Number of protein chains: 2
Amino acid sequence: MNHDMIIRITRYYRILNRLRSLGLEKVFAHNLADAAGVSAAIVRKDFSLLEIYGQKRGGYDILFLIAALGKILGKTDEPQNIIIVGCGRIGRALMHYNGFEPDGIRIIAGFDTDPLVYSENVHPVPIYPMSRLEEVVSSHQVDVAILTVPESATSDSFQRLMNAGIKGVLNFSPITLKPVADAEGLKPVIHNVNIALELEQIFYELQFPKT
Amino acid sequence: MNHDMIIRITRYYRILNRLRSLGLEKVFAHNLADAAGVSAAIVRKDFSLLEIYGQKRGGYDILFLIAALGKILGKTDEPQNIIIVGCGRIGRALMHYNGFEPDGIRIIAGFDTDPLVYSENVHPVPIYPMSRLEEVVSSHQVDVAILTVPESATSDSFQRLMNAGIKGVLNFSPITLKPVADAEGLKPVIHNVNIALELEQIFYELQFPKT
DNA sequence: TCGTTTATGTGAATCATTATACAATAAAAA
DNA sequence: TTTTTATTGTATAATGATTCACATAAACGA
């Protein structure tokens, strides 16, 4: 299974949950394709490769699909604990975002180097000094961190996360982090979100539209 | 030129600017490749397709590369004006982010429906009521908007942006927006950034590592 | 019951991307 | 000057993803 396919599966999964909440029971490949912005052929191909089958002429059963895709995506009833490292404006904004709960993701703590930030008690989750990173990560079995520190602190913070045993990072700093295999040859999973880069790409595409 | 290639070119461009600011004058394909996280072959291939040439054994001249790539990316001295629609926590955090300036992107205004938000005078850029959208967009020649409204307001806000003549949108809401051709057959450029989806993908990749 | 319609499932064909391999070339070394 | 070395530039091969095309099956209608 390649990366694009994971993205599509995750999309299908969310769309299906929406359709279910609207009361639908069946879905056709081309409906799902429209909603996910892909072709119907690829939806059928994806399901075919995943050995998920529908009914000829009847489409796919939504509940069955949700169960099958959820299994593939590793969905459990237990929420996944994550932390936010760097509690500036962006980090704090994400702390207040309540769109993670439906996806089974729970922010359990923030970390910052600034005592003015971590001493306040006004945040939706506790904020700790960086020195307590290892302790919280291991006691709460945290695998994934959101990194929202300033550019200059990116490399150091990332290194600390790796040392603390974090396995996945969602990095919002403009420095592109690259996975480096650890002593056991395991590579962390890193997603870089670079907002300025996204805007630049939009401007490029506006200037030189395709076809 | 395909989409992946644009992303790479934008990456090269930023890396080259960093290298230049460090005082370097030449760069080899494999250096750039390492920094951009791709193979050296693909760097050479990209440049070859763009008809950008280096010196055999001497690598590429950084200033020349920056000029050539800047031209391709449509870089001008004039900053590009953008607006932020939806001035909740995320929108306001982006307003304060100062990493756009070096890329020639300038946030000129925010928009919100809430009088409590747009009446305050504590923001780094003016915040207007949504009713003034069309006026500001046309008077400042704004082509691109960042959309940071709650999920429930996404479709409506997006429609208003399209009506106001916005051509590119960076959408942070969990609803995936799709480009729809307007009366003249032109499609807006839309980039969707879905933070929960990114996290879900990280969890997936952690659970089922590739190879 | 028997065509007709509709949608799935999938092998084959097409298209796109990336890697490989190496000739060409220039600099450095001998 | 000649040889060695390092790197570009690109043709070709390999790989991978997507679409096409159609056989297959189920439901519907007459």
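Side chains are part of it too, since the values below use all heavy atoms of this structure and drop only hydrogens, waters and symmetry mates. Order of the sequence lines sets the chain letters (A, B, ...), proteins ahead of strands, with each chain counted from 1. Keep in mind the model is a prediction, meaning the values are calculated, not measured.
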Item checked: Rounded distance in Å - NZ (A:Lys26) to P (C:dT6) -> 18 Å
Note to self: C:dA19, OP1 or OP2 - any side-chain N/O from B:Ser39 closer than 4.0 Å?
What the structure shows: yes
Note to self: Classify A:Phe47 by what it touches in the nucleic acid, base, sugar-phosphate, or nothing, heavy-atom distance under 4.0 Å.
What the structure shows: nothing
Margin query: For the NE2 atom of B:His191 and the CD atom of A:Glu200, what is their distance to the nearest 0.5 Å?
Written below: 11.5 Å
Check: Taking CD1 from A:Ile42 and P from C:dT8, how many angstroms apart are they, rounded to a whole number?
Finding: 15 Å
Check: Can you find a heavy atom in the side chain of A:Thr10 that is under 4.5 Å from one in the side chain of B:Tyr204?
Finding: no
Notebook entry, point to check: Between the side chain of B:Asn81 and the main-chain N/O of B:Val142, is any donor-acceptor distance below 3.5 Å?
Noted result: no
Scan nucleotides 26-30 of chain C against the protein and return all N/O pairs shorter than 3.5 Å with their distances rounded to 0.1 Å.
{"from": "C:dA27", "atom 1": "N3", "to": "B:Arg57", "atom 2": "NH1", "distance (Å)": "3.3"}

Next item on the list: Would you please confirm or rule out a distance under 4.0 Å between OP1 or OP2 of C:dT20 and any side-chain N or O of B:Arg44?
Entry: no
Next item on the list: Please figure out whether B:Ala41 or B:Phe28 has its closest DNA chain D nucleotide nearer the 5' end.
Entry: B:Phe28
Next item on the list: Specify the separation, in whole Å, of atom CG of A:Asp46 and atom P of C:dG9.
Entry: 12 Å
Checklist line | Rounded distance in Å - CD (A:Glu51) to P (C:dT8) | finding: 18 Å
Next item on the list: Start with the C-alpha gap between B:Arg18 and A:Glu151, add the side-chain angles, then the distance that decides, and say whether salt bridge (charged side-chain N to carboxylate O under 4.0 Å, His left out) holds.
Entry: CA-CA 13 Å; B:Arg18 282 169 179 268; A:Glu151 178 167 348; 2.4 Å; yes
Next item on the list: Please state how far atom CG in B:Asp4 lies from atom P in C:dA19, giving the value in whole angstrom units.
Entry: 12 Å
Margin query: Quick check for you: name the first and last nucleotides of DNA chain D, 5' to 3', having an atom under 4.0 Å from a heavy atom of chain A.
Written below: D:dA17 to D:dC28
Next item on the list: Identify whether any heavy atom of B:Ala40 sits under 4.0 Å from a base atom; if not, whether one sits that close to sugar-phosphate; answer base, sugar-phosphate or nothing.
Entry: nothing
Check: So, are B:Asp182 and B:Lys187 salt-bridged, with charged N and O less than 4.0 Å apart?
Finding: no
Item checked: Distance-only side-chain donor-acceptor flag, B:Arg20 / B:Asn17, under 3.5 Å -> yes
Check: Can you tell me if A:Lys167 uses its side chain to pair, donor with acceptor, with the backbone of A:Met162 under 3.5 Å?
Finding: no
Checklist line | Whole-Å gap separating P (C:dG11) and CG (A:Leu49) | finding: 10 Å
Note to self: Determine whether A:Arg14 and A:Asp103 satisfy the following criterion, salt bridge (charged side-chain N to carboxylate O under 4.0 Å, His left out), listing intermediate values before the conclusion.
What the structure shows: CA-CA 9 Å; A:Arg14 307 176 126 235; A:Asp103 287 308; 2.6 Å; yes
Next item on the list: For B:Phe47, enumerate each residue passing the ring pair (Phe, Tyr, Trp, His ring centres under 6.0 Å) test, keeping only those at least two apart in sequence or located in another chain.
Entry: B:Tyr12, B:Tyr60
